[in-house]
Protein chains: 2
Amino acid sequence: MILSSYKRIHRRYLMKKATIKDVSDLSGYSISTVSRVLNGNYPVKKQTKETILEAINKLHFTRNSVARNLRTNKTNIIGLVVADINNPYYSKIAKALDDGLFKRNYSLLVCNTDESEQKECKILETLIDKGVDFIIISPVSKNAELLRTIKNNGINVIIIDRNIGVSDFPFVGSDDFKEAKKLTEYLITRGHSKIAFITGTQKATTSQERLFGFRAALVENHLTFSNESLIEGLYKEEMAYENITKFLKRNQHNIQPYTAIFSSNNLMTLGLIKAAKELSISIPNDLSIVSFGQIELQDIIQPNVTCIKQNIDSMVELIFKNIDQLADDPTATISNDFIANSFLLGNSVKKIK
Amino acid sequence: MILSSYKRIHRRYLMKKATIKDVSDLSGYSISTVSRVLNGNYPVKKQTKETILEAINKLHFTRNSVARNLRTNKTNIIGLVVADINNPYYSKIAKALDDGLFKRNYSLLVCNTDESEQKECKILETLIDKGVDFIIISPVSKNAELLRTIKNNGINVIIIDRNIGVSDFPFVGSDDFKEAKKLTEYLITRGHSKIAFITGTQKATTSQERLFGFRAALVENHLTFSNESLIEGLYKEEMAYENITKFLKRNQHNIQPYTAIFSSNNLMTLGLIKAAKELSISIPNDLSIVSFGQIELQDIIQPNVTCIKQNIDSMVELIFKNIDQLADDPTATISNDFIANSFLLGNSVKKIK
DNA sequence: GTGAAAGCGCTAACAT
DNA sequence: ATGTTAGCGCTTTCAC
């Protein structure tokens with residue numbers, strides 16, 4: 001009992017933090033003058049300013065942002081909602097974003113959906129609660145309604161990566177259809193006609209668009225598209241690894257085996273490479289592969305995977321274009337920005353026939 | 001003019017968010033009762049509760065955390081301060097942390113120091129301002145004073161990865177000296193006696209400890225340690241790459257060339273592999289390497305690097321032990337926890353002599 | 001079980 | 001140029 005009481009007192013002692021009132025008392029000026037010095041938005045006599053700054057230093061005072069946020073209805077926090085911050089694709093975006101945000105005096109709250117719609121929903125609610133100024137989201141689901149609620153709460157929303165196909169929100173991402181088609185056409189020009197496709201999560205538009213692009217390339221080249229060529233990967237390495245292993249085992253007994261596989265994201269490409277390696281299937285000799293999204297250490301890994309490399313720098317640049325615009329005027333015109341990606345030629349595709 | 005006025009009105013309309021007062025008005029109960037329903041910490045009549053919940057739903061009300069935080073002096077935000085979230089080592093930590101924090105209803109603010117002391121300082125100030133409940137930091141510098149100020153502001157500090165050698169803060173990380181020594185001894189038992197060492201940033205204690213461990217192993221085995229065997233890498237891939245390239249070029253003309261290199265973090269190991277590859281130096285045939293810290297895709301990359309793999313799961317587990325303890329009682333006893341790492345045997349070291 | 005009211009630390013009118 | 005004061009939306013005593 002005594003101990004617990006002691007702790008409580010000690011705790012309170014620790015919690016003691018100087019407030020603007022303390023600065024006001026010590027310096028002899030009113031809190032508004034202190035506030036003006038803090039914000040530098042109104043003229044203050046040089047002498048006064050110095051006295052106040054002295055008091056601030058003496059008390060180790062730093063402003064309580066929470067109180068400030070309550071007044072100004074701004075938090076200078078931006079929520080980034082992605083599938084998994086451990087995916088290098090997203091961690092690169094996070095890093096590049098943070099660099100620019102630091103300069104703009106914003107902080108980044110990172111949230112992982114793990115591709116779960118339910119988790120995404122809870123995250124968004126938390127972000128509304130927290131009063132973040134912006135939400136930058138690569139959405140799991142096409143829940144435009146929830147995003148509209150957010151917008152009505154005065155939070156700016158920027159959709160990245162996965163377009164949800166509505167016009168209320170700015171979007172920055174790839175032209176998945178076009179790029180996937182291009183990548184497939186490359187396989188076809190190299191003589192491949194039986195091509196399998198590793199799919200992402202059903203919900204994600206990127207996944208659908210990439211599949212459509214793939215199919216379009218086949219159809220245009222008078223090749224048949226069949227659902228049997230689809231391998232479910234859910235955008236996850238582990239899932240892809242398992243299903244690809246099964247697929248490749250089956251494929252070895254096919255009369256007309258698949259000669260190439262299109263992986264629709266970076267993580268699943270890793271699962272693909274591992275599966276092939278374990279089954280002693282040589283890339284590109286026994287199997288050709290392409291990837292939508294670059295894998296890490298591209299230049300060290302064998303095979304060097306031919307892929308679409310998403311241009312993260314220009315992506316982040318466009319995100320900032322939107323941020324700066326919306327910070328200035330939340331009603332600014334909404335635009336869909338497609339980034340220019342690169343086609344990276346590796347050695348993972350064999351020319352056949 | 002007219003447009004701009006329209007925009008301002010429109011903006012205000014957008015900003016409108018239901019408050020507890022609105023719920024109170026609609027339901028007919030006082031704001032205190034609404035608050036009690038919200039928090040569920042006081043008894044409320046079932047009937048009352050239902051009426052209020054109905055109003056909450058009708059208004060799409062969610063509580064304003066900022067106001068709540070101001071009252072309760074808690075934010076449910078935890079700041080994670082690391083060198084670079086794009087380093088897989090840190091992004092793994094961030095992900096694992098976020099998983100556990102989500103369950104505890106905390107959010108994670110991620111900050112990158114870029115190994116800059118100055119940036120670290122600014123970040124910490126911002127985090128104090130923002131009133132985060134915890135700061136989990138892998139410090140650039142040994143600035144115990146600043147961390148003490150933070151603690152005095154009522155913010156719990158947990159140091160990870162890089163110990164600053166004071167006893168005021170809980171620490172979770174590796175026993176760098178011991179592990180580095182072990183790794184070096186492995187090289188020695190495989191017959192290597194001329195071993196170079198790629199250093200991290202001077203300021204980081206991990207860097208120093210790893211170097212001490214390296215040197216201790218040499219000395220104990222009656223091998224000479226020389227400053228000439230040090231390659232400066234600053235824990236950065238690019239920096240390591242450049243200096244290693246120079247080093248290896250020089251080394252080719254040595255009468256007694258170095259036969260092995262110890263890289264003291266994962267990023268620099270990548271720089272090392274790239275440098276060797278470009279100079280057509282084969283690992284392990286021409287050069288043996290070991291790494292403190294696992295590189296990604298270990299099982300795909302050639303060479304498979306013999307390394308100390310830091311056990312992130314147990315690291316995060318220990319961090320949570322501290323979080324839970326400190327959340328319960330900020331004056332809880334402080335402990336230094338060393339995680340048990342794994343020695344991963346690869347094929348990057350040749351047996352010589 | 002419920003309501004009234006104080007106040008968390010700050011900003012921004014509005015005074016002077 | 002500086003001071004006074006009214007809240008921002010919420011929690012929490014203190015009444016009843």
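Protein chains get the first letters and strands the later ones, always in sequence-line order, with residue 1 at the start of each.
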* Would you kindly check whether a donor in the side chain of A/R71 faces an acceptor in the base of D/dG7, or vice versa, at under 3.5 angstrom? => yes

* Asked: Do B/S32 side-chain and C/dA4 base share a donor-acceptor contact under 3.5 Å?
  ->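 Indeed, a donor on one side and an acceptor on the other fall under 3.5 Å apart.
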
* Asked: What closest approach, in Å, do A/F134 and A/I158 show between heavy atoms, and which atom pair accounts for it?
  -> CD2-CD1, 4.2 Å

* Over-ring placement of B/R148 relative to B/F169, 6.0 Å and 45° cut-offs ->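 Verdict for B/F169: no cation-pi partner in B/R148.
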
* **Face-on cation placement of A/R36 at A/Y29 ring, 6.0 Å and 45° thresholds** => no

What nucleic acid atoms does [X] come within less than 4.0 Å of, heavy atoms only: base, sugar-phosphate, or nothing?
X	result
A/N41	sugar-phosphate
A/N69	nothing
B/S35	base
A/R36	base

Minimum-distance nucleotide (side-chain atoms of [X] versus [options]):
X	options	result
B/L70	D/dT2, D/dT11, D/dG9	D/dG9
B/I31	D/dC8, D/dC10, C/dT11	D/dC10
A/I20	C/dT11, D/dG9, D/dT2	C/dT11

* So does B/K203 have more than 12 non-hydrogen atoms from other groups sitting under 6.0 Å from NZ? -> no

* Taking for each residue the nucleotide of DNA chain C with the nearest heavy atom, is it A/T62 or B/T48 whose nucleotide lies nearer the 5' end? ->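 Looking at DNA chain C, the more 5' nearest nucleotide goes with B/T48.
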
* Structure fact -> Nearest-nucleotide check on DNA chain C, A/S65 vs B/Y29; residue mapping nearer the 5' end is B/Y29

Kindly say if [X] contacts the phosphate of [N], meaning a side-chain N or O under 4.0 Å from OP1 or OP2.
X	N	result
A/T33	D/dT2	no
A/N39	C/dT11	yes
A/R68	C/dT11	yes

* To do: Please say which of A/I155, A/I78, A/V132 ends up in a side-chain contact (heavy atoms from CB on, under 4.5 Å) with A/L127.
  => A/V132

